[in-house]
Amino acid sequence: MATPPKPGFDHQRWIIPLALFIVVIALWEIWVRVAQIPHYILPTPSRVAATLIADWPVLFSSLLVTLSTTLQGLALALIGGVGLAILFTQSRLIENALYPYAVILQVTPVIAIAPLLLIYMPQPAAVLTCAWLVAFFPILTNTTQGLKSADHNLQDLFDLYGASGWQKLWHLKLKAALPYFLTGLKIGGVLSLIGAVVAEIAAGSAGAGSGLAYRIVESQYRLNIARLFAALTLLSVTGIVLFLFLSWFSNRLLASWHESAREREV
Amino acid sequence: MIVALENVSKTFANGTTALSGMSLTVGAGEFISLLGPSGCGKSTALRILAGLTSASAGTIRWAEDGVDHRAELGFVFQEPTLMPWATAFDNVWLPLRLKGVSRAAAEPRIRQVLDMVGLGDFHASFPRELSGGMKMRVSIARALVTKPKLLLMDEPFAALDEITRFKLNNDLLRLQAAEGFTVVFVTHSVFESVYLSSRIVVMAARPGRVVAEIAVDEPRPRSEAFRTSAAYADSCRVVSHALHGAIGADDHL
Ligand SMILES: Nc1ncnc2c1ncn2[C@@H]1O[C@H](COP(=O)(O)OP(=O)(O)OP(=O)(O)O)[C@@H](O)[C@H]1O
Ligand SMILES: [Mg+2]
């Protein structure tokens, strides 16, 4: 039998993308050198790396700004999304009243909302609101679906044993919702970063800001393309690390019981 | 008598009449099987007994008034219906936990019932680590942990293979003898109903109703020898005949 896919570490899953990455970077370096493309059009990867090191203090402090917005947005989305999802399952009326607005907020592109928010709010609050806005919906919908997914017979069993509404929520619905919630968390975490970046760009063009996305806009104006690439790299790595962390966290929580987090034994 | 259904009818909101004028008296210590074609209202009758569904007409009379009858019930579904995030031990703890009994206080009884169903070594196992038969044993242990007077079982062994089913049949008879509870058991199997029951209630569909009650007088507890006896074959014949009468009355089948 072939070796089963493992959730943690797998040579195929890591080595092949890594090899591809190295090949692409090498080709990029060679091509820019051979074709003698000016660095303000397309810098070599080595130049980008050098810029990343040279500009590290500025880039890193910007990264902290963006990351803190992202995490705050995610935390607020968690509180709001899970709280509202619980309200939805406790009251049909509230769900019917509020759900359409949650959908409207979600389908309106955040890039279009950001300039509006920047008019009415101080810049950090507007950026945070955008991060929150995009992270909130996947957490809300996934958690709501999860809370409703509890096995009907188990719900009957809880009724039979005279469980209160809170006991049902705590011992049954929240547990049943956990895998769904964690899916929402993974999506929401990454979207929160995107929301923060989008809002920073909108704010950046308005002339304020110090986040990583602002550095990107700023570098573009100054034709410092190497720094733009360096900031972009940092942003991607942040997104990847965030996603990997949330995946690891979700696997940890579900390890003992949920099929999605288990290796298939053969 | 523990409980009696008197002329109970059930019509669902969509207009389906699941039960029409069903009467059934459950005596203490009995093992009653509800046997009948799919859709004849067996599950509905069981759910009405458990208070999970209300009757549209008729009365449910309990021997004692003024007590919480649900506290004296155990319910076993066709699926094991375990919480996948909890160990066997914690799954069995659930009914007591919901009544506010701490883990420590519940532990002796949980150990006892898990031992009774033969899962003494599997306290810490999660449902996904257990076979279908073992999961059903956990489900039975959970139903028994509150020392119910009346155990309601809705086709509990229907999804199991025959060897496992036979074993669980014998275990159930042994548990009933040891704990003294009364059983109302829903099944599709003539053979299973004859082997287990003291009385078989044959039902017909559209509308769901009782068409025959057949006592199985073989003394209890029963053993595998009963399965090959002439008395068993006779009872199976009588019950099959009654069941075919019930199905014959239904031209939708
Ligand atoms: N919640 C419901 N709403 C509407 N109709 C229902 C509902 N539950 C059951 N019924 C209908 O009532 C009838 C009896 O259902 P019930 O589940 O009691 O049958 P059953 O004898 O247990 O069948 P089976 O052997 O297939 O489990 C069926 O026609 C079924 O479709
Ligand atoms: Mg049924």
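Quick caveat: nothing in here was measured; it's all calculated off a predicted structure.
- Of residues 76-88 of chain A, not one residue has a non-hydrogen atom less than 4.5 Å from any non-hydrogen atom of chain B.
- Between chain A and the residues B/Q78, B/R47, B/E79, the largest count of heavy-atom pairs under 4.5 Å involves B/R47.
- Counting heavy-atom pairs under 4.5 Å between each of B/W85, B/F77, B/F75 and chain A puts B/W85 at the top.
- For chain A, no part of B/T87 is nearby; none of its heavy atoms comes within less than 4.5 Å.
- Counting non-hydrogen atoms of neighbouring residues, nucleotides and ligands closer than 6.0 angstrom, the CD1 atom of B/I163 reaches no more than 12 such neighbours.
- In this structure, B/F12 has no ring-ring contact (aromatic ring centres under 6.0 Å, His included) partners at least two apart in sequence or on a different chain.
- For residues 90-110 of chain B, the interface with chain A (any heavy-atom pair closer than 4.5 Å) comprises B/L94, B/P95, B/R97, B/L98, B/K99, sorted by residue number.
- Against chain B, the residues from residues 140-176 of chain A that qualify, each with a non-hydrogen atom under 4.5 angstrom away, are A/D151, A/N153, A/L154, A/D156, A/L157, A/F158, A/D159, A/L160, A/Y161, A/A163, A/Q167, A/H171, A/L172, A/K175, A/A176 in number order.
- Only the side chain of B/L52 comes within contact range of chain A, with heavy atoms under 4.5 Å apart.
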